[in-house]
Amino acid sequence: MPYPNDLLEQARHLANREPKRPKQASLRRAVSTAYYALFQLLGIELARNWKRTGDRSTLARMLEHGTMANVCSNKSKDLSKHFSQNPPPPQNHALTVLRHIKTIAETFVQMYQQRQIADYNNARKWGRTDVLQKIDTVEVAFQSWLAIRDEDEAQSFLVTLLLKERKF
Amino acid sequence: MPIVPRGLVDQGKIRAGVQRAELALAPDVIRIMYSFAEDVQGEISLFFRIVISDQAAAPARLRETTQKIITKVLHEIKADELGLQTYFNFRSKSEQAALREPFWERS
């Protein structure tokens, strides 16, 4: 995934751009870029399933940030309940896949929140430690996606990212 | 700060859990603070601000230490049972010394 990986690399570059005193602009753009790296990764992977290659970018544009965050939040909560049930679910490959999905969903929720702050809240002061931690979590989410991208459960999760909440 | 209905969240348990986590995670963790607020999706959430030692914030250790801290805090406050969304922000001791934000100090 060249573009999402490039965005992630760019986020790290921005976070480390000023070795001594990082500028707030660099740190805030780093957080925002790390979020977009994950957003783009999921969008490109979703669109990859569309047979007509020329229409894939249009499909990816159907994704909405807030909708994705809601879906990911619900998924993360559902999986937390699943993991903490008694008796616990069997330790098998399916559980490993679900743990990776939880990592991705939870990271999206976290980064959506942080990106909103980074982009719009001028009162918030960022430190490099916090920003690098956020970038690390996105990198872990990338690794999780690579580990499960061919799994049916992972692909089903991708499609749900398009689902808007219905009131009926 | 939003008011969290007492019946929904046992704040005493959260406070005790955070204290346990802080003690267990020293000296990597210097202090853990938290507050309730609405997140961007309008849900009351728990926001943690965690000051860590400069050693724990070193790039080579950062991923491991922050993951360990998050896992421990979530375990101690029994986050799964709370049903609250949690968010974590970290700052090193020297960063806080430079930025000097009261919000990151224990009042």
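Here is how names work: the chains are called A, B, and so on, in the same order as the sequence lines, proteins then strands, and each is numbered from 1. No experiment lies behind these values; they were computed from the predicted model shown.
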Exam field: side chain A:D130 to backbone B:N89, donor-acceptor pair closer than 3.5 Å: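 Such a contact is absent between A:D130 side chain and B:N89 backbone.
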Path from [X] to [Y] over hydrophobic side-chain contacts below 4.5 Å:
{"X": "A:L42", "Y": "A:M62", "value": "yes"}
{"X": "A:F83", "Y": "A:I104", "value": "yes"}
{"X": "A:L41", "Y": "A:V31", "value": "yes"}
{"X": "B:I69", "Y": "B:W104", "value": "no"}
{"X": "B:V51", "Y": "B:Y87", "value": "no"}

Would you say [X] has more than 12 foreign heavy atoms packed within less than 6.0 Å of its [atom1]?
{"X": "A:R61", "atom1": "CZ", "result": "no"}
{"X": "A:H82", "atom1": "NE2", "result": "yes"}
{"X": "A:K77", "atom1": "NZ", "result": "yes"}
{"X": "A:N121", "atom1": "CG", "result": "yes"}

Test: B:E81 and A:K81 ion pair at under 4.0 Å: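 No.
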Heavy-atom distances under 4.5 Å only: say whether [X] touches chain A with side chain, backbone, both or neither.
{"X": "B:L74", "result": "neither"}
{"X": "B:F88", "result": "backbone"}
{"X": "B:I52", "result": "side chain"}
{"X": "B:S92", "result": "both"}
{"X": "B:E43", "result": "side chain"}

Top contributor to chain B contacts, counting heavy-atom pairs under 4.5 Å, from A:V109, A:L132, A:T137: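 Among the listed options, the one with the most contacts to chain B is A:V109.
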Residue among A:S76, A:S73, A:A69 with most heavy-atom pairs under 4.5 Å to chain B: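 Counting heavy-atom pairs under 4.5 Å, the top option is A:A69.
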Between [atom1] of [X] and [atom2] of [Y], what distance do you get to the nearest 0.5 Å?
{"X": "B:D39", "Y": "A:Q110", "atom1": "CG", "atom2": "CD", "result": "9.5 Å"}
{"X": "A:K134", "Y": "B:F90", "atom1": "NZ", "atom2": "CZ", "result": "6.5 Å"}
{"X": "B:R91", "Y": "A:R128", "atom1": "CZ", "atom2": "CZ", "result": "13.5 Å"}
{"X": "A:T129", "Y": "B:D54", "atom1": "OG1", "atom2": "CG", "result": "7.5 Å"}

Between A:Q133 and B:Q67, a side-chain donor and acceptor under 3.5 Å: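 No, no side-chain donor-acceptor contact under 3.5 Å.
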Heavy-atom check, side chain of A:K125 versus side chain of B:R100, under 4.5 Å: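 No, every pair of side-chain atoms sits at 4.5 Å or beyond.
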A:Q113 and B:F47, any side-chain heavy atoms less than 4.5 Å apart: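 The answer is yes, as the side chains (C-beta and beyond) meet within the 4.5 Å cut-off.
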Working for side-chain contact (heavy atoms from CB on, under 4.5 Å), residues A:R124 and B:E101: CA-CA 10 Å; A:R124 167 69 76 87; B:E101 285 192 298; 5.8 Å; no
Contact origin within A:V131 toward chain B - heavy atom pairs under 4.5 Å: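 Answer is neither: A:V131 stays 4.5 Å or more from chain B.
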side-chain contact (heavy atoms from CB on, under 4.5 Å) between A:V140 and B:R63, intermediate numbers included: CA-CA 9 Å; A:V140 170; B:R63 184 179 301 192; 3.7 Å; yes
